[in-house]
Number of protein chains: 2
Amino acid sequence: MVTMRDVAERANVSIATVSFVINGTKRVAPETRARIEAAIQELNYRRNVVARALASSRTRILALLHPDLESKPNATVIQFVMGAAHGARERGYDLVLWPVNDDEQMSHLLAGGLVDGVLLMEVQIRDARVARLLASRVPFALIGRTEDDDLPYVDIDFATTIHQAVEHLRGHGHERVALVAQQADATTEPGRIMRVESAYLDAIAPLGHPPAVIRVESTSAGGRAAARRLHDDFPEVTAVVLVNEGAAAGLAKGTRALGRQVPGDLSIISAATTRELGEMIEPSLTVMAAPAAELGRMAADALVDRLEGAEEAPPQVLIPCALVPGESVGPPPPR
Amino acid sequence: MVTMRDVAERANVSIATVSFVINGTKRVAPETRARIEAAIQELNYRRNVVARALASSRTRILALLHPDLESKPNATVIQFVMGAAHGARERGYDLVLWPVNDDEQMSHLLAGGLVDGVLLMEVQIRDARVARLLASRVPFALIGRTEDDDLPYVDIDFATTIHQAVEHLRGHGHERVALVAQQADATTEPGRIMRVESAYLDAIAPLGHPPAVIRVESTSAGGRAAARRLHDDFPEVTAVVLVNEGAAAGLAKGTRALGRQVPGDLSIISAATTRELGEMIEPSLTVMAAPAAELGRMAADALVDRLEGAEEAPPQVLIPCALVPGESVGPPPPR
DNA sequence: CTGAAAGCGCTTACAG
DNA sequence: CTGAAAGCGCTTACAG
């Protein structure tokens, strides 16, 4: 292995000077610099990142802390993860995956000193991991939000997204618009659920009709259950905003299985999902595409900004989803 | 930060002895050990992984080297990635994501000394990255295979999978079975394409009919194109084995758009996809579920085995997909 | 502008 | 069974 010492010897300088040119930390005379750069070339030297990390107490590694995603493969999730990985790489950081649910194990990992910062996914309204993170003093950024808004986060702008979805449906003449959201289970209560529901209530208020909210699990079966509940409990509803990626296909299939046409009898917008998902379903769903890759990238970026000492207020970023028209929205059925 | 020195002082031993008990590298007298363990507890000491890495020249970090997955979110991919992350964690290793296409950048990363080993995804038949990896002397394992079979790999057993798919269709009375595979583009030629096609030829040989192979891109549009080609070019075909996850939904939709029923006119098995994908489509697709999470886990495991000095031959693992019946396979239409 | 040297927090022969 | 010490390959005050 070629070390900095080898380079220094070949260029007839001290290792300190080599370090200065590699890192650009101090000005170095042009001819000295040239000698060093030549030596680096000739020896094909590459600085050892571990030694650098130890000496500088900065590893330039970020952790992506997420629950076990194996069980619920969600199309937007991988885009998010890849966005974060790219964002980190572009800033010269590495991203490690920490599939950790156990809050104890998380503290262990944090204390090991491997990472400079943490990206926390699937944030809950009250999230014990946030307290651990705060206690560990390791900088972090959230994907999603907790109850209190003074932590750095990056999130989908659900308010704008839902409003635009409802607006789009109103433009087609719908007045009775339901929301199909995600069911919180005992342990998890993503902040998004709460925010989505309140955005929905806001958005439909001008229509002057009572809200229709259905919560189902994020699976095909959940989607079919939603179709049935819509049919049985809310027959006056002519359009639905869905914020539950896993249930999208089931909702479309279930609706048709009940003899109702999409969009003839029921219009559907699937918010915060991928365009690819929309295309897979029959009829192709009109979606509000989640800016998942951008969010991942921005989360990494924001975290690196903090690590590199940008002293501003904690970054708080909201991005709305973008409407991608499909074939699942039309006028309401004649009464 | 609490260091090993702090622990040593509190326990009245040398830091070497502390290291021995933490790592179990040498036997230590029971009472000494007890003192040290107590000190660790009291100080809540956690060994610094960076210092350990530098001293032992083992970082216990693995890299997952993959192309940009953002563009083609493929449901099995995330399961694979998560499987690898879990597998690594369980062995006490961290997994970093390296979204790298550029083969130059890859060498840079490899030379940095951050990782002990590499997992290489989306392996091509002739893969330049493999040569780089070999040159770098960093141990690795492949997901998929190159032309030559003497490198350590973990892969789907396509031969068995395709045979079982064809067998299943024969059991329903099909004799004319087509293959819809993935189109290789200029730069990528996954080894799987080749292996899938030859497995298909083997599997249908006993049927005594000419093969019908269609290659399309891995998108909904590709799937619709396949439906049309089947209809136009291979009217005698009554069943298809699909090995192209991205095209699955398009094939089903496209077939129906041509006025043909699934499975009434055409039976479909989608191989090497997730069960969730099958459920999303209408009708629910019969799939051969890819053992993606297992493969990821096994790849990580195999790599760690090598790193920890298992001297055996390079691990080569093949796992077939498992049949998950849906509603897309039935008897062939009466002639 | 450059260098000598301490130090980052561990592991690991080597001695005893 | 335990310790003193060298060393992993860098960065970074501090001097000059």
Side-chain angles (χ1 to χ4, degrees), chain A residues 1-37 39-40 43-61 92 108 110-116 307-309, chain B residues 1-37 39-40 43-61 92 108 110-116 307-309:
Chain A
M1 171 187 253
V2 184
T3 71
M4 199 171 258
R5 182 166 308 280
D6 300 321
V7 174
E9 277 172 11
R10 182 166 195 120
N12 264 306
V13 294
S14 73
I15 60 167
T17 308
V18 176
S19 176
F20 298 152
V21 346
I22 287 181
N23 296 306
T25 14
K26 273 194 184 174
R27 57 175 352 87
V28 170
E31 49 282 18
T32 311
R33 161 185 302 276
R35 279 213 314 285
I36 292 171
E37 279 167 350
I40 289 174
L43 297 173
N44 192 25
Y45 169 69
R46 208 75 60 199
R47 159 182 60 194
N48 181 297
V49 298
V50 178
R52 171 150 97 131
L54 182 59
S56 63
S57 42
R58 308 256 326 266
T59 62
R60 294 172 185 264
I61 299 176
H108 274 244
L110 250 16
L114 180 69
V115 304
D116 287 347
L307 294 176
E308 312 214 318
Chain B
M1 170 188 254
V2 184
T3 71
M4 200 171 257
R5 182 165 309 281
D6 299 322
V7 175
E9 278 171 12
R10 183 168 193 115
N12 264 306
V13 294
S14 72
I15 60 167
T17 308
V18 176
S19 176
F20 298 151
V21 346
I22 288 180
N23 296 305
T25 14
K26 274 194 184 173
R27 57 175 352 87
V28 169
E31 50 281 19
T32 311
R33 161 185 303 276
R35 280 212 315 284
I36 292 172
E37 280 167 349
I40 289 175
L43 297 173
N44 193 26
Y45 169 70
R46 207 74 62 199
R47 157 182 62 193
N48 180 299
V49 298
V50 178
R52 168 150 99 134
L54 182 59
S56 63
S57 42
R58 309 256 328 265
T59 63
R60 291 170 187 266
I61 300 177
H108 274 244
L110 249 18
L114 179 69
V115 305
D116 287 347
L307 295 175
E308 312 214 316

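Proteins come first, then strands; the chains are lettered A, B, ... in the order of their sequence lines, and each starts at number 1.
In this structure the side chain of Val7(B) never reaches within 4.5 angstrom of the side chain of Ile22(B), judged on heavy atoms. Side-chain contact between Val18(A) and Val13(A): present, with at least one pair of heavy atoms (C-beta onward) separated by less than 4.5 Å.
Taken together, the paired segments of DNA chain D that extend over three or more consecutive Watson-Crick or G-U pairs, each closer than 3.5 Å at both contacts, are C:1-3 with D:14-16, C:5-12 with D:5-12, C:14-16 with D:1-3.
Heavy atoms of other residues, nucleotides or ligands lying less than 6.0 angstrom from CZ of Arg5(B) number 12 at most.
Atom CZ of Arg58(B) and atom C1' of dG7(D) are 18 Å apart (whole Å).
Between atom CE of residue Met4(A) and atom CG of residue Leu43(A) there is a gap of 12.5 Å, rounded to the nearest 0.5 Å. Rounded to the nearest 0.5 angstrom, Arg27(B) CZ and Arg33(B) CZ are separated by 9.0 Å. Taking CD1 from Ile36(B) and CG from Asn12(B), the interatomic distance works out to 10.5 Å, rounded to the nearest 0.5 Å.
Between Asp116(A) and Thr59(A), the closest heavy-atom pair is OD1-N, 2.9 Å. Residues Ala11(B) and Arg35(B) come closest through the heavy atom pair O-NE, 2.9 Å.
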Reading 5' to 3' through nucleotides 8-16 of chain D, protein heavy-atom contacts under 4.0 Å coded B for base, S for sugar-phosphate only, - for none | BBBBB-B--
